[in-house]
Amino acid sequence: MRSTTKNTLLKVVILGDGGVGKSCLMNRFVSNQFDEHSFHTIGVEFLNKDIEIDGETYTLQIWDTAGQERFKTLRTPFYRGSDICILTYAVDDKTSFKNLDMWRKEFANYADVKENNQVPFIVVGNKSDVPTEEREVSPLEMETWCNDNGITSCIETSAKSASNVQEAFKMAVQHWLKLESRADKSETVINDTVDLSKKQTENRTSCCIGSSDDK
Amino acid sequence: METEPDEYHDCFMQDGVLLKQAPSSHMTALNTIGTLYIYEVTRSGESCNKKLLLEWKQNDITVDSDVQYQEWAVVNTVQKRIRTLSENMPEHHNRSKSLKINFDEIKSFKVCNKNRQLTFYDGTSERICGFLFQHGNCEHLVGMLKTILKVGVSRRDKQIYVVYDSNSPEFQELNRSFAALNLKNEDNSFWHMFKHFKENPYEGSLGAFAKVTNFVYRSVEGSDPDILSRDELYSSITELDDGVPHSGGEYEVINALPQLPRRKEFPRCNPLTEEQWRSQFNSLGQLEDVDSIKNLIFRGGVSPTIRKEVWKFLLDYFPWDSTDLDRQQLINKKNEEYYVMKLQWKSISQKQEDNFSDYAQRKCQVIKDVNRTDRTLEFYAGDNNINIQTLGDILMTYVMYNFDLGYVQGMSDLLSPILWLMQDENDSFWCFVGFMEKVMSNFDIDQAGMKEQLTQLRVLLSFIDPVLANYLEKHDCGNMFFCFRWLLVWFKRELNQDDILRFWEVLWTGYPCHNFHLLVSVAILEHESEALMENDNGFTEILKYINELSGKLNMELMLNKAEGIYNQIKEADHLTDSVRSILGLPLIGTKNRGSEEQSSQQESPFESPDLSTPRTEPCCSVDNVRISPDEIAFEKSISSSFL
C-alpha cells in the first residue's frame with residue numbers, strides 16, 4: 001500500500017516528430033503558458049510538476065527531447081527508467097501520425113521495459129485547435145491505430161488553447177496506475193503458475209477522448 | 001589425430017572501439033562498439049608456428065547494459081520499480097560478431113580525426129575496415145602496429161602509414177636488425193613488455209615506443225646492437241613510469257594534485273575600431289597584418305559599424321589576403337553560384353517533391369524550425385515575416401549545397417544572427433557555409449563529433465578542476481552531456497543577441513588555440529562548481545541547473561577566465577599530450593630525437609600552422625581516400641629515404 005504522505009515520482013517521456021508540440025505540451029502543463037514561437041528543443045530538457053489524482057499526489061518528471069532522427073543516440077539513454085511514454089503527433093501532420101509506430105518501437109527498444117503489454121504508452125494528438133480543413137488525422141484514425149497497437153489510452157489536445165492538456169497527463173498517470181495494479185495482481189498469481197500463453201480476454205475499456213466530440 | 005587446442009596469447013586490448021567501415025559480411029556490425037585485440041596464436045603441436053592476429057569483437061548486447069550507448073546511459077533518475085516477470089530476460093545475448101584481420105593483408109593504414117579513427121587498406125585501393133576509438137585514441141594501437149609491421153609515414157599525407165613489403169630490401173634490413181635485437185624469441189618477454197605498456201598511460205608508452213623506434217633506426221645505421229641490451233631497453237621504458245603524469249586513457253589519475261601555475265587576469269579590451277580596421281588595408285585593398293587584426297578581434301571583438309564586413313573575413317567568405325578586385329569578382333561569382341543552387345530546389349515541383357522523400361523531409365524540418373528560431377527578435381517577429389522566409393531559403397539552399405548533411409536542428413540557430421547582421425541572402429549564405437565548415441562535426445550522423453567534444457571537455461576539466469571532474473564522474477555525469485547544447489550551437493541558446501555576436505567573432509579568430517570554446521565551458525563549470533556540487537546533486541539536478549544558466553552567463557568574464565585557463569594550461573609542468581592535442585599545441589611526448597622531421601610528421605596530425613582555422617575535418621572525409629597500388633609504391637620509394 002502506498003503511503004499517502006509520500007509523493008510518488010513518475011518519469012514521463014514525451015516523444016514524437018519535431019514540431020508536433022512536445023515542449024509546448026510540457027510548458028502548458030507545467031506553467032500553463034504557451035508561446036507559439038518558442039525555440040525548438042536542443043538536447044534534453046525536463047520539468048517537474050505535481051499532479052493530484054484521487055487524493056494522492058504524484059510528481060511528474062517530464063522529459064522533453066529533440067525530435068530529429070539525427071539525435072537518436074543522445075535521446076534514447078533518457079528512456080530508461082521511464083514510467084510513462086507519451087507518444088505525440090500533430091493532427092494536422094499525417095507524417096507525424098505515421099511515425100508513431102517508429103517512436104513506439106524506439107521507446108520499447110531502449111526503455112528497458114520487460115513485458116510488451118506493460119509498456120506504459122498513451123497517445124496524444126496535439127493541435128486539435130487547427131481548422132477542420134487543415135486536419136489530416138481524425139480521432140477515429142487515432143483510436144483505430146491505438147486499438148491495433150494495444151494502446152488503451154489516447155486523447156486529442158491543444159497546447160495552444162489548453163484543451164485537454166491537464167487531462168492528458170492525468171490519463172497518463174491513471175494508465176500507469178492501472179498497469180501497476182495489474183502488475184501487482186499478476187505478481188500474486190504468478191506463484192500459482194499462471195498460464196501465460198493463454199490469451200488475455202479482458203474487456204478493453206477504451207478511454208479515448210476526442211476533443212471534437214467532447215462528452 | 002591429436003587436437004590440442006591452439007594457444008592464444010593476448011598482446012594488446014582496447015575497448016570502446018566502434019566499427020566504422022567493414023566488409024559487406026560485417027555490415028550489420030557497423031557502428032557498434034567492440035574491443036580490439038592483438039593476440040598471438042600458437043598452432044597446436046607446432047610451437048614455432050606462431051601467428052599474430054588483429055581481431056575486433058563486438059561487445060555483447062544485453063538488455064541490462066546497453067553497451068552501445070554506454071557513455072550516455074547514466075540517466076536512471078527514477079528508482080526502477082520491479083514489475084512481474086522481470087526474470088524473463090529476452091535472448092539478446094550472444095549476438096556478438098567478430099572481425100579478424102590478417103596482418104599480411106594490411107598494406108597501409110590511415111590515422112585521422114585527432115588520432116581517434118584508424119582505417120586499414122589492403123593496397124588495392126579498397127578499405128579493409130575502419131575503427132573509431134571512443135575511449136582515448138588509437139595512438140596505443142598505432143605504436144603496437146609500428147612494431148609488428150614495418151611501416152613508414154607517407155610524405156604525401158602525414159596521416160597515412162605505409163607497410164613495407166616483406167620482399168623489399170628495406171624490410172630485409174629492418175628484419176635483420178630486429179633479429180639482432182633478439183627480442184622476440186625469448187620467453188615472450190617482448191610481449192610482456194607490451195603488456196606493460198598497456199597498463200601505462202599512453203603518453204608514457206608512446207615515449208617508450210619512440211625509444212624502440214629510435215633503437216631500431218640506430219641499429220640500422222650500423223651501430224652495434226649488442227651495446228644496448230634488452231634490459232637496458234626495458235629499463236629505459238620503465239623509467240618513464242615515474243614522474244610522468246598519468247592520464248589513464250580518460251582521466252587524469254590524481255594522487256597528489258599537481259599545482260597549476262597561478263592564473264593571470266586577461267581583461268577584455270575595446271573592440272576593433274573602424275580606424276584600426278581601415279588603416280590595415282594597403283592600396284590594393286589587401287590587409288597588411290592579419291595576425292594583429294585577429295588578435296585585436298580576439299581581445300575585444302569587432303565594433304558594430306564594421307562587423308558586417310569583418311565577419312566575411314572571419315567566416316572565410318573573403319580570403320584574408322584578397323584585394324578589392326578579388327573580392328568584387330568573388331561576390332559576383334558566389335552570387336551566381338548561390339542563385340543557381342537556389343533555383344535547383346525552387347524549381348522542384350510538388351509532384352517531384354512527393355516522389356523525393358529525402359528532400360521533402362529536409363524541407364519539412366527546415367520550415368518547422370525557422371518558424372521557431374529567434375522569433376522574439378523584432379527582425380524575425382510577426383506572421384509572414386519575410387526574414388523567416390529568407391532564413392528558410394538559405395537553409396534549403398544549404399541542403400542543396402550539402403545534401404548528405406542536409407538540415408540538422410541547431411543550424412537555424414547558427415544562421416539566424418548572420419542573416420540578422422548581413423541582411424543579404426547571398427552574403428549570409430556564404431558566411432553560413434564558413435561557419436558550418438568550423439562546426440561541421442557537431443552535426444555528424446552518429447554524433448561522433450559531439451561525443452568527442454564532450455570527452456575533450458572532460459579531459460580539460462579534469463586538468464583544471466579535478467575536484468569537480470571527480471565529483472561529476474562519481475555522480476553519473478562523467479559524460480558531460482549537460483553541456484550538449486552549449487557546444488552544439490556555441491552558446492547560442494545561453495546568450496542574448498549582443499553577446500552572441502561578440503562571443504562568436506572572438507571564437508572565429510581561432511585564437512589563442514583550438515577548441516577555445518571548450519575552455520570557455522571549463523571556465524563556466526569551474527565558476528559554478530560550488531553550486532553544481534551542492535546537495536549531492538546528481539545528473540538531473542545538474543542538467544536542470546546548467547539549462548537554467550541560460551541568459552545568466554557573463555560572457556566577457558567567461559572569456560577572460562578562459563584565457564587565463566589557457567595560459568595556466570600552457571605553462572603547467574604536468575601538461576599532458578592528451579590536453580595538448582585538444583588545444584592544438586605541439587605534442588612532445590613522442591619526440592624522436594634521432595629524426596626530428598619524422599617525429600613531427602608522425603605525431604602531429606593536428607598541427608596546423610594557421611591557427612585561424614580550427615580543425616574541422618568531418619568524420620567522413622576518410623571515405624574519400626583511395627590509395628592506388630602505384631601510390632603505395634611511390635610512398636615506399638620516398639619513405640625509404642629516412643630508413
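Proteins come first, then strands; the chains are lettered A, B, ... in the order of their sequence lines, and each starts at number 1.
Distance NE2/A/His40 to CG/B/Asp413: 4.5 Å, rounded to 0.5 Å. In this structure, B/Ser550 OG and A/Phe39 CZ are separated by 8.5 Å, a value rounded to the nearest 0.5 Å. Taking CG of B/Leu377 as the reference point, atom NE2 of A/His37 lies at 12.5 Å (rounded to 0.5 Å).
Sparse packing is recorded around NZ of A/Lys170, with 12 or fewer heavy atoms of other residues, nucleotides or ligands lying under 6.0 Å away. The number of heavy-atom neighbours closer than 6.0 Å to CG of A/Asp54, taken from other residues, nucleotides and ligands shown, is 12 or below. Atom NZ of A/Lys94 sits in a crowded spot, with more than 12 heavy atoms from other residues, nucleotides or ligands closer than 6.0 Å. Crowding of A/Glu141 atom CD: a count of heavy atoms from other residues, nucleotides or ligands under 6.0 Å exceeding 12. Counted within 6.0 Å of CD1 on B/Ile445, heavy atoms from surrounding residues, nucleotides or ligands total 12 or fewer; the atom is thus considered open.
In this structure, no portion of B/Leu487 lies under 4.5 Å from any heavy atom of chain A. With a threshold of 4.5 angstrom between heavy atoms, B/Ser412 approaches chain A through side-chain atoms but not through N, CA, C or O.
Ranked by heavy-atom pairs under 4.5 Å with chain A, the list B/Lys544, B/Arg485, B/Gln409, B/Gln365 is led by B/Gln409. Most heavy-atom pairs under 4.5 Å with chain B, from the set A/Asn48, A/Asp35, A/Val44: that is A/Val44. By number of non-hydrogen pairs under 4.5 angstrom with chain A, the leading residue of B/Leu488, B/Asp374, B/Thr373 is B/Asp374.
Residues A/Leu74 and B/Phe481 meet the side-chain proximity criterion, which asks for heavy atoms closer than 4.5 Å. With contacts defined as side-chain heavy-atom distances shorter than 4.5 Å, the pair B/Asn547/A/Phe46 does not qualify. A/Thr73 is listed as a side-chain neighbour of B/Lys451, based on a closest heavy-atom distance under 4.5 Å. No side-chain heavy atom of B/Asn371 sits less than 4.5 Å from a side-chain heavy atom of A/Glu36. Side-chain contact between A/Thr41 and B/Arg493 is absent, with no heavy-atom pair separated by less than 4.5 Å.
Taking the six-membered ring where the residue is Trp, B/Phe539 and A/Trp63 present parallel rings, their angle staying beneath 30° rather than reaching 60°.
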CA sep, side-chain torsions, deciding dist, call: B/Lys368, A/Asp93, side-chain contact (heavy atoms from CB on, under 4.5 Å): CA-CA 11 Å; B/Lys368 277 178 182 168; A/Asp93 179 357; 3.3 Å; yes
